[in-house]
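This one's a predicted model, so the numbers in the text were calculated from it and none came from an experiment. Hydrogens, waters and symmetry mates are skipped; everything else that's a heavy atom, side chains included, is used.
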Amino acid sequence: MHSTVLDRVIPETCVSAAVAAPSIHNTQPWRFRLDAESATLQVRAAPERGLRHTDPAGRALHLSAGASLLNLRVAIAHCGWSPVRRLLPSPEDPALLAVVRVAGAAGRPTGHRTDLYEAIWRRHSSRLPFSGRPLPPQLRSELGEAARVEGARLWFPDPVETARLLRLTAEAERRNRIDADRAAESNRWVHHDRRPTPDVGLPQAVLGPQDSRERLPLRDFTAQRHTERLIAQLFEVAPTIAVLITEHDRRADWLRAGQALQHVWLLATAHGLRASLLHQALEWPDLRRSLSPTPGRTGHAQMLIRLGYGPEGAASPRRAARAVLEEAQASC
């Protein structure tokens with residue numbers, strides 16, 4: 001493969017798609033290294049962009065990087081190549097999360113629909129009210145299959161179990177509100193690009209709405225916890241929540257979960273669904289253990305995903321592809 005093609009297309013198309021992935025608190029904890037000679041691209045952790053209080057083990061960092069890896073694979077396939085990935089290829093280099101070799105023309109199924117690349121640019125987190133329209137059973141099955149091909153499982157709990165999961169999420173949100181270290185960490189990453197005025201504070205679009213019934217515990221991203229400035233709205237009475245689960249809970253499983261999350265989200269976007277993430281309970285070990293349908297026996301919860309039909313969310317700021325891409329000095 002001609003190196004000049006990679007030099008042009010990888011930054012402009014593939015890495016641009018990778019950085020459009022979701023990440024916890026929009027930390028974007030990744031960087032990429034291109035070796036055009038061997039046609040490989042490294043996905044590396046950016047530990048300085050990790051969350052010491054919210055994510056001390058780096059699980060959410062790995063999920064974020066896994067989501068960017070999925071976007072990268074989709075973009076490479078969109079360009080007509082085959083993405084050949086390896087997770088955690090070097091135990092001596094723990095920051096190296098994955099290597100993707102850009103192989104010749106795509107000659108085998110990748111497990112992805114061809115319209116997922118376009119969905120990368122339309123996928124935004126929507127923290128707005130959804131309608132009460134239920135998800136068709138066939139669509140639930142398709143989303144479950146998207147998670148399965150990435151090495152995870154998607155569980156749609158019944159209404160009673162959904163209410164239990166939302167109670168756990170509400171308890172985690174309560175804890176987050178009174179934890180000064182986590183509040184400061186959220187402020188640093190979520191609002192570092194915002195400019196509140198002394199008399200108004202953060203704009204309402206940043207604060208976002210909250211459920212006036214207090215049934216759906218969306219994360220309060222207000223930097224100073226000014227809850228009186230939140231917009232109270234009526235959210236769906238019976239939200240659809242999906243739980244992303246992996247059999248094991250190792251670093252490779254976290255990366256698989258991130259790819260499964262993004263595959264599910266892109267497929268949902270292609271079908272006209274909106275989504276937002278309920279990650280709060282996963283940030284507290286005791287609450288996270290209670291998220292699985294049968295704790296200790298049926299895998300490890302990695303994410304709660306709220307799905308439904310409703311208005312599109314807004315894009316969060318992203319770093320430019322060139323800012324996170326470096327050229328390798330030697331072959332990978």
Side-chain angles (χ1 to χ4, degrees), residues 22-27 51 53-55 60 63-64 67 123-133 135 156-157 159 161-179 182-183 185-191 194 196 201-244 261 264-265 268-269 273-284 287-288 290-291 301-316:
S23 59
I24 184 169
H25 290 1
N26 198 33
T27 50
L51 300 173
H53 300 288
T54 303
D55 184 38
L63 260 72
S64 301
R123 179 222 59 83
H124 306 307
S125 182
S126 178
R127 300 176 63 245
L128 299 169
F130 296 163
S131 73
R133 176 184 170 190
L135 272 63
F156 287 93
E161 187 65 11
T162 294
R164 185 184 73 87
L165 298 177
L166 292 179
R167 287 194 298 271
L168 292 171
T169 303
E171 168 59 19
E173 181 64 14
R174 184 194 68 80
R175 295 183 190 182
N176 286 339
R177 285 175 183 269
I178 62 176
D179 189 309
R182 296 185 187 218
E185 199 167 57
S186 172
N187 179 29
R188 176 190 174 196
W189 288 105
V190 177
H191 301 291
R194 310 290 184 178
L202 292 165
Q204 295 282 26
V206 177
L207 301 184
Q210 293 284 298
D211 183 8
S212 60
R213 299 188 185 97
E214 297 186 347
R215 295 177 180 176
L216 188 61
L218 297 177
R219 191 190 291 272
D220 176 8
F221 281 117
T222 56
Q224 294 80 29
R225 298 301 192 246
H226 290 319
T227 55
E228 72 278 4
R229 294 178 180 163
L230 295 176
I231 307 169
Q233 294 189 18
L234 291 176
F235 279 68
E236 58 269 27
V237 174
T240 298
I241 304 296
V243 185
L244 189 68
L261 168 64
V264 168
W265 204 339
T269 301
L273 284 174
R274 310 302 183 196
S276 58
L277 305 182
L278 301 174
H279 190 263
Q280 300 97 308
L282 292 145
E283 298 159 13
W284 299 89
L287 299 179
R288 184 186 175 210
S290 300
L291 292 175
Q302 303 292 350
M303 186 63 73
L304 270 63
I305 311 169
R306 168 180 166 249
L307 294 163
Y309 297 94
E312 184 175 351
S316 299

*Test side chain to side chain contact (heavy atoms under 4.5 Å, CB included) applied to Arg274 and Ser125, step by step*: CA-CA 7 Å; Arg274 310 302 183 196; Ser125 182; over 6 Å; no

*List the steps and the verdict of side chain to side chain contact (heavy atoms under 4.5 Å, CB included) for Trp284 and Leu168.*
CA-CA 10 Å; Trp284 299 89; Leu168 292 171; over 6 Å; no

*Take Val237 and Arg215 through the side chain to side chain contact (heavy atoms under 4.5 Å, CB included) test and state the conclusion after the steps.*
CA-CA 8 Å; Val237 174; Arg215 295 177 180 176; 3.1 Å; yes

*Show the numbers, then the answer: is there a side chain to side chain contact (heavy atoms under 4.5 Å, CB included) between Trp189 and Asn26?*
CA-CA 7 Å; Trp189 288 105; Asn26 198 33; over 6 Å; no

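Once rounded to the nearest 0.5 Å, the distance linking OG1 of Thr169 with CG of Leu282 reads 8.0 Å. From His25, atom NE2 reaches atom CG of Asn187 across 10.5 Å, with rounding to the nearest 0.5 Å. Interatomic distance, Leu291 CG to Glu161 CD, rounded to the nearest 0.5 Å: 9.5 Å. Of the inter-residue distances, the one linking Leu166 atom CG with Leu278 atom CG reads 7.0 Å to the nearest 0.5 angstrom.
Scanning both residues, Leu234 and Pro129, for their nearest heavy atoms gives O-CB, 3.5 Å. Closest non-hydrogen pair, Ile305 versus Ala275, comes out as CG2-CB, 4.2 Å. Taking every heavy atom of both residues into account, Ile24 and Ala60 meet most closely at CD1-CB, 3.7 Å. The heavy-atom pair separating Pro209 from Phe235 by the smallest distance is CG-CZ, 3.9 Å. The nearest pair of heavy atoms linking His124 to Ala315 is CE1-CB, 3.5 Å.
Taking the side chain as every heavy atom from C-beta outward, Phe156 and Leu307 approach each other to under 4.5 Å. At least one side-chain heavy atom of Leu277 sits under 4.5 Å from a side-chain heavy atom of Met303.
Ion pairing of Glu171 with Arg175 is present here, as a side-chain N (NZ or NE/NH1/NH2) and a carboxylate O approach within less than 4.0 Å.
Evaluation of the salt bridge (charged side-chain N to carboxylate O under 4.0 Å, His left out) rule for Arg306 yields Glu236 as partners, not counting sequence neighbours. Scanning for side chain to side chain donor-acceptor pair (under 3.5 Å) contacts around Gln280 gives Glu173, with sequence neighbours left out.
A donor-acceptor contact shorter than 3.5 Å is absent between the side chain of Ser186 and the backbone of Ala183. Between the side chain of Arg164 and the main chain of Ser290, a donor-acceptor pair closer than 3.5 Å is present. Between the side chain of Thr269 and the main chain of Trp265, a donor-acceptor pair closer than 3.5 Å is present. Under a 3.5 Å cut-off, the side chain of Ser212 and the backbone N or O of Gln233 do form a donor-acceptor pair.
Between the side chains of Glu185 and Thr54, at least one donor N or O lies within less than 3.5 Å of an accepting N or O.
For the side-chain contact (heavy atoms from CB on, under 4.5 Å) criterion with Glu283, the lone passing option out of Asp55, Leu51, Asn176 is Asn176. Of the candidates Leu218, Leu216, Leu304, Leu128, Leu218 is the only one forming a side-chain contact (heavy atoms from CB on, under 4.5 Å) with Ser276.
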